[in-house]
Amino acid sequence: MGDAITELARRLATTHPDAPARTLARRLVAETGGAITLNQARLRIARQFGVHGKQNRRNVKAAATREPRKAGAVIEMPASRAEPWQPHDLGVVGMVGVLSDIHVPYHDEQAVRAAVQYIASEKPAALLLNGDFADFYSISRHEKNPKHRNFKRELEDVRQFLRWVRKQFPHIPIVAKAGNHEERFEKWLWQHAPEISDEPIMGIDNWLGLKDIDITLVADKRIVMAGELPILHGHEKGNGISSPVNQARGAFLRLHHTVLEGHGHRTSTHSEPDMFGRETVCFSTGCLCDLRPAYAVLNKWNHGAALVHVNKNGEFDVRNFRIANGKVRTS
Ligand SMILES: [Fe+2]
Ligand SMILES: [Fe+2]
């Protein structure tokens with residue numbers, strides 16, 4: 001019986017390592033049909049947890065280990081380590097210019113100039129660089145032509161471009177959202193300098209000198225709000241429904257919410273009313289980069305950008321314009 005009781009105590013300790021010792025001892029008494037006293041049972045359970053005095057600890061190996069704790073102590077739920085994920089509100093009323101997918105240094109100078117001039121003529125209250133403003137070709141994980149690999153020069157080109165943008169819009173808030181191409185920088189750091197990758201000095205905002213030119217970086221795939229209009233780069237949704245026919249419809253099927261996004265390099269709009277006649281409208285903006293990059297010479301991309309007018313009550317109007325041969329096309 002002695003061995004059988006030890007075996008029973010071992011089973012109780014290993015299958016319920018977090019249960020209070022007193023509870024397990026009571027159960028041991030019950031399961032042995034009262035063959036041992038509660039005090040004996042407590043000793044046996046304690047032995048299984050290795051908390052039964054120094055002398056015995058040397059001779060008997062514990063079946064289960066746990067932190068020593070007071071009788072009746074309860075196990076608390078661990079504090080969550082999840083970080084809050086909040087949208088970034090542009091907080092402006094009036095015109096907001098949205099430039100997406102510029103991919104410096106593979107930008108299209110003529111298209112960028114046309115978009116910037118058109119937006120500037122509308123006296124915007126804020127400007128959003130909606131992701132992929134930098135290409136970061138050199139640190140991509142895709143195959144790269146060694147001829148074009150010069151990360152230092154690429155960084156300098158992006159810095160120069162951002163300084164140029166600041167000059168075009170000297171007095172308004174400028175927000176730069178990190179797209180999948182800017183995220184290459186962080187991934188590259190994780191790979192090549194993991195020990196110091198989370199130091200603030202290593203941040204992309206620091207490398208691009210954003211503080212000096214007063215440009216705010218929005219990272220972590222956060223949504224940018226222009227009034228009540230949520231703006232995404234487009235990579236936040238992960239891989240899933242991609243719509244080869246109409247990107248805006250793909251966004252609608254995925255989000256079921258009005259949204260404006262870039263990333264697909266194509267201008268498109270999709271609207272659908274619900275049964276109460278409330279309309280959901282999704283927009284995708286064109287790009288401002290070279291339309292014939294070596295990795296996708298044939299594609300369906302077009303140049304374009306957007307203007308969003310935000311009213312005091314948060315309502316908005318979107319002008320999702322295309323650019324053809326350096327000319328803005330609004331219809
Ligand atoms: Fe892009
Ligand atoms: Fe993108």
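Atoms considered below: every heavy atom in the structure, side chains included; atoms not considered: hydrogens, waters and symmetry mates. Just follow the structure's listing: the first ligand is 1, and inside any ligand the first atom is 1.
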Looking at R26, R11, R44, which one forms a salt bridge (Lys or Arg N to Asp or Glu O under 4.0 Å) with E31? R11

Between R163 and E156 (salt bridge meaning N to carboxylate O under 4.0 Å), is one present in this structure? yes

Is it the case that the side chains of D290 and H103 hold a donor-acceptor pair, with the cut-off being a distance below 3.5 Å and no angle test? no

With the Fe ion (ligand 1) as the apex, the OD2/NE2 angle for D132 and H103 - to 10°: 100°

At the Fe ion (ligand 2), what is the angle formed between atom OD1 of N180 and atom NE2 of H233, rounded to the nearest 10°? 90°

For N302 and T267, which I'm curious about, is there any donor-acceptor pair between the side chains at under 3.5 Å? yes

Check whether any N, O or S atom of H263 sits under 2.8 Å from the Fe ion (ligand 2). yes

Tell me, which N, O or S atom in D101 is closest to the Fe ion (ligand 1)? OD1

Can you find a side-chain donor-acceptor pair between H303 and Q110 that sits under 3.5 Å? no

Using 2.8 Å as a strict upper limit, say whether an N, O or S atom of H181 approaches the Fe ion (ligand 1) that closely. no

